[in-house]
There are 2 protein chains.
Amino acid sequence: MGRAASPRPGENQAPTMADVAERAGVSAMTVSRALKEGSRVSKATREKIMAAVNELGYVLDQSAGSLSSRKTGFVAAIVPSINNSNFADTARGITDELESTGLQLLLGYTDYTVEKEERLIEAMLRRRPEGIILTGGAHTDRARRLLESAGIPVVETWELPARPIDQVVGFSNEEAMGLLVKTLARKGYRKFGYIGGTTSRDTRGSQRREGFVRAIEELGLPPGRLVSFGVPPISIEQGGQAVVSMLERWPDTEAVLCVSDLSAFGALMECKRRGMRVPQDIAIAGFGDYEVAAFCHPGITTVNVDCYGIGQEAARRLIQLIRGGEKQRGQEIVLTSYRIVEREST
Amino acid sequence: MGRAASPRPGENQAPTMADVAERAGVSAMTVSRALKEGSRVSKATREKIMAAVNELGYVLDQSAGSLSSRKTGFVAAIVPSINNSNFADTARGITDELESTGLQLLLGYTDYTVEKEERLIEAMLRRRPEGIILTGGAHTDRARRLLESAGIPVVETWELPARPIDQVVGFSNEEAMGLLVKTLARKGYRKFGYIGGTTSRDTRGSQRREGFVRAIEELGLPPGRLVSFGVPPISIEQGGQAVVSMLERWPDTEAVLCVSDLSAFGALMECKRRGMRVPQDIAIAGFGDYEVAAFCHPGITTVNVDCYGIGQEAARRLIQLIRGGEKQRGQEIVLTSYRIVEREST
DNA sequence: GTTAGGTATGTTATCGATATCACATCGATC
DNA sequence: GATCGATGTGATATCGATAACATACCTAAC
């Protein structure tokens with residue numbers, strides 16, 4: 001209507017496929033085929049169409065396309081935070097893996113709360129993604145229901161949920177932290193402390209703390225000293241404050257394990273500021289193998305997690321399920337690797 | 001068709017608005033209104049509709065909605081990398097600002113190349129975003145053309161492009177680095193070195209180097225020593241390697257300025273590893289005020305940039321332009337603040 | 001009692017692409 | 001030369017929502 005009334009059609013309105021078709025002297029359907037790889041259009045026709053496309057500056061409208069094809073080409077991914085380089089790496093793994101498939105990523109972050117996750121899931125489902133990747137296994141009931149009735153493949157990552165929704169790509173944070181404790185115990189440390197956040201918002205953090213406590217028990221060591229400080233994810237600064245609190249209450253602590261490398265780095269810097277020698281006076285370890293842990297001085301012992309690989313593998317599974325259609329729908333759990341990286345801080 | 005053939009309609013197919021309407025005993029249009037805030041639907045009707053929505057587990061399909069309303073509710077943003085916390089902060093500023101508006105972010109990253117940026121821009125325009133936020137002012141010609149003919153507001157950020165497309169929210173990287181040089185010169189440093197990447201992919205990096213060179217000239221100091229090392233963005237590790245190269249060639253360098261805090265941190269750690277005293281033997285400064293710069297020991301002097309604010313302001317302008325429609329289309333340039341943060345490393 | 005104006009709801013016609021089926025053409029095969 | 005299959009292209013219906021207009025009802029004002 002607006003277009004018909006306009007003196008020079010298509011001047012203000014963005015051109016549509018019909019405009020391209022008219023200019024190229026073919027039908028819209030042929031234009032559609034020419035713009036989609038793998039469809040058979042004769043070379044001459046394709047060239048005419050491409051010329052028209054360039055002259056008009058036409059860009060395909062996927063919202064319209066996905067309505068009729070019933071495929072949006074979207075994949076949704078929800079991470080706790082993109083300001084955390086571990087999750088940024090996972091997001092990058094996902095994007096890189098999606099790149100060649102033509103699928104596009106809808107990325108959201110929850111700030112570590114399930115309520116925001118629920119809202120995000122709903123917002124994303126409105127875009128009809130063909131699959132969705134979540135971080136962790138903790139979701140609101142409503143979020144679970146939404147996901148189940150969406151009828152799309154779901155991959156939960158970074159943890160091993162007790163009650164998986166569908167696919168899982170992750171590892172046991174509990175076990176990983178337990179391994180760190182055992183590794184350090186073998187070096188002779190006996191009085192362990194743990195630094196983490198104050199709430200259970202960060203479920204991976206909670207699992208790590210549980211792994212810590214359990215490992216201490218299993219080894220028959222003196223009870224672990226637990227310091228909770230700050231709302232997860234705790235920062236470098238809060239790691240420094242937490243270690244102060246730890247040293248005040250339990251000055252004889254021999255080794256401090258932190259929920260992440262960032263807090264470990266903060267703790268390390270604070271100890272050095274106070275003139276303590278690391279690891280002679282106190283050993284410090286982190287989790288996540290952030291770049292800073294490798295290059296600070298002394299380097300921080302930590303647990304290396306394959307963040308990028310988690311994203312890659314999650315995306316790969318999703319792609320398989322999307323492409324493969326209905327077959328191969330069984331729940332599967334892919335364990336990703338982690339390993340202790342010993343550095344000078346312990 | 002598939003639905004008509006199915007014995008229990010809607011069992012496998014996701015429910016549509018028509019299904020909800022039927023169940024609630026109203027027309028689809030009324031359902032549409034009930035699900036959109038600010039439309040007047042009687043309380044009784046709204047409740048009936050909401051009940052039907054919940055029973056069916058209906059989720060609005062925005063791809064369909066945006067086709068008829070000609071509004072997708074998407075905003076696109078393109079950053080160099082989300083693994084860089086400065087840009088992650090900007091992305092967060094954008095998302096936070098968009099949150100209350102119902103606009104959804106399409107985020108992409110270029111890996112610092114204009115070619116990938118061009119591909120991303122095209123991919124995003126296929127989704128018909130209502131506005132787009134870019135990082136920097138360097139784009140391919142084709143990207144510029146695509147953007148211009150898209151007819152949507154564009155905001156370039158983080159720089160002051162010589163030839164802006166539309167709106168700009170940023171600061172002069174050249175000037176900021178120049179200010180850092182002058183601040184240090186005032187403290188008595190005279191032999192300056194600069195560490196950056198090897199290519200001009202990172203345009204902000206290049207601008208900082210130019211600012212460095214120009215400031216040295218203006219102050220009449222001995223020519224700055226330039227070390228280029230690694231493909232931008234250069235890492236902590238490469239910062240360490242670069243400073244080694246700097247010290248080998250120019251052992252008498254008094255102050256080393258780095259393209260970012262990450263390389264500065266790497267340089268700092270490397271110097272300490274070699275037993276040098278910072279700042280007595282050598283002063284080190286960075287750019288960006290990453291968290292690590294504040295909490296490492298010694299703290300790193302740097303240029304604080306309002307990353308989050310850049311994102312916020314860019315999003316705000318975009319929202320205004322999207323909502324305001326055609327009025328207020330003039331090019332505008334918003335300068336964001338930066339400031340020198342002096343710490344112990346200089 | 002009539003009319004104006006507001007509110008709540010329904011009807012119809014799209015939005016811009018693609019699935020699907022139909023059709024024309026051409027060369028190969030028997 | 002009749003038949004078949006492969007290939008290229010077009011016509012039509014449709015995806016699921018919303019814009020725009022139409023209508024019914026109700027209240028207030030004169």
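Proteins come first, then strands; the chains are lettered A, B, ... in the order of their sequence lines, and each starts at number 1.
Rounded to an integer number of Å, the gap from CG of A:L67 to P of C:dA19 is 12 Å. Rounded to a whole Å, the CD1 atom of A:I49 is 13 Å from the P atom of D:dG8. A:D61 has its CG atom 14 Å from the C1' atom of D:dC15, to the nearest Å. Nucleotide D:dA22 holds its C1' atom 13 Å from the CE atom of B:M29, rounded to whole Å. Per the geometry, CD belonging to B:Q62 stands 9 Å off P belonging to D:dT18, to the nearest Å. Here the P atom of nucleotide C:dG16 and the NZ atom of A:K36 are 18 Å apart, to the nearest Å. Counting to the nearest Å, the P atom of D:dT9 and the CG atom of A:L35 are 14 Å from each other. If you measure from atom NZ of B:K48 to atom C1' of C:dA8, you get 12 Å, rounded to the nearest angstrom.
For D:dG10, the base has a donor-acceptor partner in the side chain of A:R33 [N/O atoms by modelled type, under 3.5 angstrom].
B:Y58 has a side-chain polar atom (N or O) that falls below the 4.0 Å cut-off from OP1 or OP2 of D:dA17. For C:dA17, neither phosphate oxygen OP1 nor OP2 lies less than 4.0 angstrom from any side-chain nitrogen or oxygen of A:S32. Under 4.0 angstrom from either OP1 or OP2 of C:dT11 there lies no side-chain N or O belonging to B:S27. Dashed line: the shortest gap from a side-chain N or O of B:R40 to OP1 or OP2 of C:dT9 is not under 4.0 Å. Within the 4.0 Å cut-off from OP1 or OP2 of D:dT9, at least one side-chain nitrogen or oxygen of A:S42 is found.
Within the 6.0 Å centre-distance limit, the rings of A:F74 and B:F74 are counted as a close aromatic pair.
B:Q104 is not listed as a side-chain neighbour of B:V75, based on a closest heavy-atom distance of 4.5 Å or more. At least one side-chain heavy atom of B:V59 sits under 4.5 Å from a side-chain heavy atom of A:R128.
Side-chain contact check for A:T113 and A:T110: no donor-acceptor pair (N or O, by modelled atom type) lies under 3.5 Å. Inspection of the B:T203 and B:E159 side chains reveals an N or O donor paired with an N or O acceptor under 3.5 Å.
Across all strands shown, B:T45 has heavy atoms under 4.0 Å from sugar-phosphate atoms exclusively, and none from any base.
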